[in-house]
Amino acid sequence: MEIPEALTDTGTGTDTDTDVARTHSRTVAAVKSVTKKLPEVTLAFWIMKIAATTLGETAGDLFAQTLKLGYFLTTIALFAIFVVTLVVQLRSRRYNPFFYWTVILSTSTAGTTMSDFMNRDDSAKYLAKGATSLGWGPQGLGLGYPTGAAILISILVVIFAVWKLTRMTFVIRDIVSFRGEALFWSAILVSNTLGTSMGDFLSDSSGLGYAGGAALVTGVLLVLVALMKVPSVPNVLLFWIAFVLTRPLGATAGDFLTKPTAKGGLDLGTAGSSAVLLTVLILLMTYAHVQERRRHAQRPS
């Protein structure tokens, strides 16, 4: 981080070397006290994001459908887990890949069942094979994907409007305050829920199927990558669009892995797919943790 000129400029030139040294020392100390809590956005970041969101889809379906807990109970349980993981992340003093990606995963799993509860109902097409109900409690609101998506988009717009009014940065590597991080995670939870609705719409209602929906989202993401080279398009805007779109990519990929072959899936099952994806995500988090420790050790004391 560069030290602002206003903090190092001697003004009239009458400051002594001691005064300049003291000012410099205080500035360096202030800079060091601001510790990053969120990761750098790299290719590895996006790979882990897609892995986490795909696992969120398969794990959410595992609890709600395969284990027949239903959308209502599963949403309550997964939201509680999200709150616990978020508290751990917020209380952490610096970026920890395990804490950060656990929250991402919890927003993905909770977002999956929150979206399903909003959009679906107890009709047979939403039930797992052999199931006769969606579990205890309300059986889904049945709003449908367009209405559910419209509600979630409205909530996301409100979050970003409040964020804008606070004058805090949207660039995640520069978010260092508690309030900024709280707004960030609110946007993440809603965007992952919205992404689930979009992914399910592409898979179930658009006629594209699981592979077609994933291909469409991948194509849009490649367009966003190309737009990064256009100076007039803000990279921050592209980041948030990509962040939302990687969720439907994960949703369609998860459905492709778990759904029956008759519906265009690979029929690998929610349990097996979740176990494999969890292993992959743990390996990626371990690698990120090792890299972060190396970077931290190389920083000047």
Contacts of Asp61 that satisfy salt bridge (Lys or Arg N to Asp or Glu O under 4.0 Å) - sequence neighbours left out | none
Taking only residues at least two apart or on different chains, which pairs with a member in residues 280-289 satisfy side-chain hydrogen bond (donor to acceptor under 3.5 Å, both in side chains)?
-> none
Using modelled atom types only, decide if a donor and an acceptor are shared between the side chain of [X] and the backbone of [Y] within a distance under 3.5 Å.
X	Y	result
Thr58	Leu55	yes
Thr196	Asn192	yes
Ser106	Val103	yes
Thr112	Gly56	yes
Ser274	Ala271	no
Ser115	Gly111	no
Arg247	Thr193	no
Thr252	Leu249	yes
Lys49	Phe243	yes

Which residues pass the ring pair (Phe, Tyr, Trp, His ring centres under 6.0 Å) test with Trp163, sequence neighbours left out?
-> Phe160, Phe170, Trp240
Mind checking ring pair (Phe, Tyr, Trp, His ring centres under 6.0 Å) for Phe82 and listing every partner two or more places apart, or none if nothing turns up?
-> Phe79
Supply the atom-to-atom distance [X] [atom1] to [Y] [atom2], rounded to the nearest 0.5 angstrom.
X	Y	atom1	atom2	value
Gln65	Leu67	CD	CG	10.5 Å
Met285	Trp101	CE	CH2	10.0 Å
Leu281	Ile50	CG	CD1	12.5 Å
Ser186	Leu156	OG	CG	10.0 Å
Tyr71	Phe117	OH	CZ	11.0 Å

Sequence-distant partners of Val230, side-chain contact (heavy atoms from CB on, under 4.5 Å), two or more places apart | Leu227, Ser232, Val233
Can you spot which of Thr85, Val84, Val83 makes a side chain to side chain contact (heavy atoms under 4.5 Å, CB included) with Ile81?
-> Thr85
With sequence neighbours excluded, tell me which residues meet side-chain hydrogen bond (donor to acceptor under 3.5 Å, both in side chains) with Thr113.
-> Thr75
Could you tell me whether the side chain of Asp174 reaches within less than 4.5 Å of the side chain of Val171, counting heavy atoms only?
-> yes
